[in-house]
Amino acid sequence: MANSKRGMIAVKFKGKDFNLALTTSAICALEDEVDQSINEILARFQNTDKLRMKEISSLFRVMMLKEKPDATFDDACALVDEMRGNHHAIMLSAVQAAFPDPVKGDQPEK
């Protein structure tokens, strides 16, 4: 079961429940893979007219790593194919879960 408070997004992959997570480790892997900072990557994802499927698949591959550490690019492409166009909404949910608004009381005191 996905834990949305921990940034996990529930999907189906090959007929089974699967959790995606844009963790710090996933972000680092994505930055290495595309040789851009997370801010540059997120800016590209804001303008979906210029977004390539390779970039979308790379994002999904790194989001698969927490549950499937050996996730391949082909696994990610298969996952995107299974989503049948719903990948954009899931991508947005994952980014929002990874970068939630701070909750009052969660900030360290100064």
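- The line from CE of M8 to CG of N19 is 4.0 Å long, rounded to the nearest 0.5 Å.
- In this structure, A21 and A26 approach most closely via the heavy-atom pair O-CB, 3.9 Å.
- For residues 30-40, the salt bridge (Lys or Arg N to Asp or Glu O under 4.0 Å) pairs, not counting sequence neighbours, are E33-R61.
- Cluster membership check: F73 does not share its hydrophobic cluster with M53, using side-chain heavy-atom separations under 4.5 Å among Ile, Leu, Val, Met, Phe, Trp and Tyr.
- The NZ atom of K66 sits 12.0 Å away from atom CG of L22, with the distance rounded to the nearest 0.5 Å.
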List the atom pairs, with distances to 0.1 Å, where a side-chain N or O of residues 9-16 and a protein N or O form a donor-acceptor pair under 3.5 Å, not counting sequence neighbours.
from : atom 1 : to  : atom 2 : distance (Å)
K12  : NZ     : D17 : OD1    : 2.7

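- When every heavy atom of C77 is checked against every heavy atom of S57, the shortest pair comes out as SG-OG, 3.5 Å.
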Side chain to side chain contact (heavy atoms under 4.5 Å, CB included) assessment of M64 paired with L79: CA-CA 9 Å; M64 295 173 80; L79 175 63; 4.0 Å; yes

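- The CD1 atom of I38 lies 5.5 Å from the CG atom of L30; values are rounded to the nearest 0.5 Å.
- When the side chains of ILVMFWY residues are joined at heavy-atom separations under 4.5 Å, either directly or via intervening members, M63 and L42 end up in a single hydrophobic cluster.
- Under the 4.5 Å side-chain criterion, counting only non-hydrogen atoms from C-beta, L59 is not in contact with I56.
- Residue pairs meeting the salt bridge (Lys or Arg N to Asp or Glu O under 4.0 Å) criterion with at least one partner in residues 76-93, sequence neighbours excluded, are absent.
- Evaluation of the side chain to side chain contact (heavy atoms under 4.5 Å, CB included) rule for S25 yields T23 as partners, not counting sequence neighbours.
- Residues passing the side chain to side chain donor-acceptor pair (under 3.5 Å) test with T24: none are found, sequence neighbours excluded.
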